[in-house]
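Below is one structure, written out as structure tokens; the observations come after it.
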Amino acid sequence: DVRKRKQEKETKYLQGLPVFAGMAIQAGMDSFEALKAITINAAEHLGLQDRVGSLEEGKDADIVITEGSPLTLEGKVKYVLIDGRIVVEK
């Protein structure tokens, strides 16, 4: 199915965002600015800031909770919440 393949491709690119932000930090970017680059700034660029990009009432509630920084290889995913429901718990 074409739609499913497109979604899988898009997901593949999204999975790399924390790595790219981490690389930007290593190159000298402020860590908060790197986090914004892959969240609210990206949402604003795509015109989706009313739905995603920051934690606010009424927005999609997809959240990743980590032990350590999510922008380093040492950061470990502890929980993933999608639409406010825990879908991964480690």
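Values below: every heavy atom of this structure, side chains too, minus hydrogens, waters and symmetry copies. None of the values given here were measured: they were computed from a predicted structure.
- Distance NZ/Lys36 to CG/Asn41: 6.0 Å, rounded to 0.5 Å.
- Side-chain atoms of Asp83 do not come within 3.5 Å of backbone N or O of Asp62 as any donor-acceptor pair.
- Residue Gly53 comes nearest to Ala43 through the heavy atom pair CA-CB, 3.9 Å, listed as atom of the first residue, atom of the second, then distance.
- Of the possible polar contacts, one joining the Asp30 side chain to the Phe32 backbone as a donor-acceptor pair under 3.5 Å is found.
- Side-chain contact, Lys59 with Ser54: a donor N or O sits under 3.5 Å from an acceptor N or O.
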Show the numbers, then the answer: is there a side chain to side chain contact (heavy atoms under 4.5 Å, CB included) between Ile63 and Leu55? CA-CA 9 Å; Ile63 303 167; Leu55 298 175; 3.8 Å; yes

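- Environment of CD in Glu44: crowded, with over 12 heavy atoms of neighbouring residues, nucleotides or ligands closer than 6.0 Å.
- Residues Met29 and Ala37 share a closest heavy-atom pair of CE-CB, 4.5 Å.
- Across all their heavy atoms, Thr39 and Leu35 have their closest contact at OG1-O, 2.8 Å.
- Tyr79 and Ile82 fall into different hydrophobic clusters, where Ile, Leu, Val, Met, Phe, Trp and Tyr residues are linked whenever their side-chain heavy atoms come under 4.5 Å apart, directly or through other members.
- Cluster annotation: Val64 and Val88 are assigned to the same hydrophobic cluster (Ile/Leu/Val/Met/Phe/Trp/Tyr, side-chain heavy-atom contacts under 4.5 Å, transitive).
- Nearest heavy-atom pair, Pro70 versus Pro18, reported as atom, atom and distance to 0.1 Å: O-CB, 3.4 Å.
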Working for salt bridge (Lys or Arg N to Asp or Glu O under 4.0 Å), residues Glu67 and Lys78: CA-CA 6 Å; Glu67 180 179 306; Lys78 300 306 265 178; 3.6 Å; yes

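- Screening Ile38, Thr66, Val19 against Leu71 for a side-chain contact (heavy atoms from CB on, under 4.5 Å) leaves a single residue, Ile38.
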